[in-house]
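Here is the structure we will look at, set down as structure tokens.
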Number of protein chains: 2
Amino acid sequence: MANLQEERPDDGVELGVLTDLAGYHLRRASAAFAADFARVLEGTGMRQVLFGVLSVVAANPDINQGMVGRSLGIQRANMVALINELVELNLVEREVAKDDRRAFALRLSPIGQDILAECIQRIRAHEEEMLSDLAHDERGRLIRLLMRIEAKERS
Amino acid sequence: MANLQEERPDDGVELGVLTDLAGYHLRRASAAFAADFARVLEGTGMRQVLFGVLSVVAANPDINQGMVGRSLGIQRANMVALINELVELNLVEREVAKDDRRAFALRLSPIGQDILAECIQRIRAHEEEMLSDLAHDERGRLIRLLMRIEAKERS
DNA sequence: TATTGTTATACTCTATAACTATA
DNA sequence: TATAGTTATAGAGTATAACAATA
């Protein structure tokens, strides 16, 4: 890994060992993305996590909370408030599952589909902006590298 | 030997539009890193953020809180408790700055230097583990890509 | 006036344990 | 016994506004 130490865009402040730690840069890049994300979704009532839930529910009609949570790395307990929020916003419909009366079957409402579509449009523009310095093949390469790191997670 | 880790709890669940969003994968990869990080630093009393502060203070003796915060993207107000914590742990020494009586000059204590060294050792091993699937040139490429995204952040 | 550190505050995200009702 | 959803709770991280001392 060639000398990253020489690339120091900060105001004279050295980052020390952080400079060449992937974990640090992952954190900062992720935070940079998230900070702008809030601005991008302003007015839609959506947040990063809620959008994630909408996306998974849209792609898996009648999925239940637990499975949504597991796919996104969200605890069962923390899913409750998120789903309540989406139901109260009339974005998600929640019915007792026909095959398992403990579970809820989740679906997007028509409004939920509209909101999701609107968010997707904004988010695609946001990605375009954040990744504008990266060539097209670099973007794909980045995502593939990130997926290999995600796969390393231990439960 | 069968690999038990192979069992993915989100089997069959589609992520929808998230699948090819860099922001999503950034978030998940960053979370994967952070989750293991806590385990790696267990017993040292350190956390991701505290380690970041130690690293910057070590690299910039007599730096003040505000500059540390700015370099790491931490608000002034939130730096207070972090520095207090490090001072109470006897890892950081805090003196009124000679050239500016509003500010504190921060330095690592001898113990702080030891703890930092210990953390660096563990973190390097952690990085090695998390990035074991990536070739050496891929790791450098990943960090460079991430730095270009960080640079996109708006203040 | 601007800046350094500070307090107070609030919201989100995350993590755990214990409960209920079904399976 | 195990699982789906729930409640309660607590700890972090993050964000803003306002203040005192100093520049």
Side-chain angles (χ1 to χ4, degrees), chain A residues 11 13 24 27-28 30-39 41-42 45-53 57 62-87 92 94-106 153-155, chain B residues 9-10 13 24 27-28 30-39 41-42 45-53 62-87 92 94-106 153-155:
Chain A
D11 344 306
V13 177
Y24 169 72
R27 182 177 155 87
R28 291 306 299 272
S30 177
F33 240 92
D36 253 30
F37 206 88
R39 238 183 311 251
L41 292 192
E42 221 159 65
M46 286 296 96
R47 278 166 288 147
Q48 235 177 354
V49 190
L50 292 180
F51 172 76
V53 173
V57 171
D62 289 337
I63 192 173
N64 67 35
Q65 293 183 197
M67 294 190 74
V68 174
R70 251 167 281 148
S71 74
L72 292 173
I74 304 172
Q75 307 278 333
R76 281 198 316 290
N78 296 326
M79 282 300 299
V80 179
L82 296 175
I83 297 295
N84 282 343
E85 203 175 339
L86 290 172
V87 168
V92 162
R94 172 174 51 184
E95 286 182 6
V96 172
K98 285 168 185 159
D99 55 327
D100 185 343
R101 278 154 45 213
R102 294 171 302 182
F104 287 128
L106 304 175
E153 182 157 32
R154 300 190 218 161
S155 61
Chain B
D10 60 332
V13 177
Y24 169 72
R27 183 177 153 87
R28 290 305 299 270
S30 178
F33 242 92
D36 251 30
F37 207 88
R39 238 184 310 251
L41 292 191
E42 219 158 65
M46 286 296 97
R47 279 166 286 147
Q48 235 179 351
V49 190
L50 292 180
F51 172 76
V53 173
D62 289 338
I63 193 173
N64 68 35
Q65 291 182 199
M67 295 190 72
V68 174
R70 250 168 282 146
S71 75
L72 292 173
I74 304 172
Q75 307 279 333
R76 283 199 314 291
N78 296 325
M79 282 300 299
V80 179
L82 297 176
I83 298 295
N84 282 342
E85 202 175 339
L86 290 172
V87 169
V92 163
R94 172 173 53 183
E95 285 182 8
V96 172
K98 285 166 186 163
D99 55 329
D100 184 344
R101 277 154 46 214
R102 294 172 302 184
F104 287 128
L106 305 174
E153 183 156 34
R154 300 190 217 162
S155 58

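Note: hydrogens, waters and symmetry copies are ignored here, and every other heavy atom, side chains too, is used. Reminder, nothing fancy here: chain letters follow the sequence lines and each chain counts from 1.
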Study note, to complete from the structure: Once base and sugar-phosphate atoms are separated, protein heavy atoms under 4.0 Å mark nucleotides 2-11 of chain D, 5' to 3', with B, S and - as BBSBBBB---
Check your understanding: Less than 4.5 Å apart, any side-chain heavy atom of E153(B) and any of D36(A)?
Key -> no
Check your understanding: Taking CG from L82(A) and P from dT12(C), how many angstroms apart are they, rounded to a whole number?
Key -> 10 Å
Revision key, fill the gap. Comparing D99(A) with Q48(A), nearest DNA chain C nucleotide closer to 5' gives the residue Q48(A)
Check your understanding: Do the non-hydrogen side-chain atoms of N84(B) and R94(B) ever get within less than 4.5 Å of each other?
Key -> yes
Point to revise | Candidates dT12(C), dA23(D), dA12(D) - which lies nearest the side chain of R101(B) | key: dA23(D)
Practice item. With the side chain counted from C-beta on, respond yes when L72(B) and Y24(A) share a heavy-atom pair under 4.5 Å apart, and no when they do not. Key: yes
**Study point:** Atom pair distance, as rounded to whole Å: CG in L50(A) and C1' in dC11(C)
**Key:** 13 Å
Practice item. Look at the side-chain N and O atoms of Q75(A) and state whether any lies under 4.0 Å from the OP1 or OP2 oxygen of dT14(C). Key: no
Practice item. Write down the distance between CZ (R27(A)) and C1' (dG13(D)), rounded to a whole number of angstrom. Key: 8 Å
Practice item. Provide, to the nearest angstrom, the distance between the CZ atom belonging to F33(B) and the C1' atom belonging to dT14(C). Key: 20 Å
Review point. What distance do M46(B) atom CE and F51(B) atom CZ have between them, rounded to the nearest 0.5 Å?
Key: 10.0 Å
**Study point:** Distance, nearest 0.5 Å, that separates CZ of R70(A) from CZ of R76(A)
**Key:** 8.0 Å
Review point. Per the side-chain contact (heavy atoms from CB on, under 4.5 Å) rule, which among N64(B), V87(B), I83(B) passes with L106(B)?
Key: I83(B)
Point to revise | Euclidean distance, atom CZ of residue R39(B) to atom C1' of dT14(C) [Å, nearest integer] | key: 14 Å
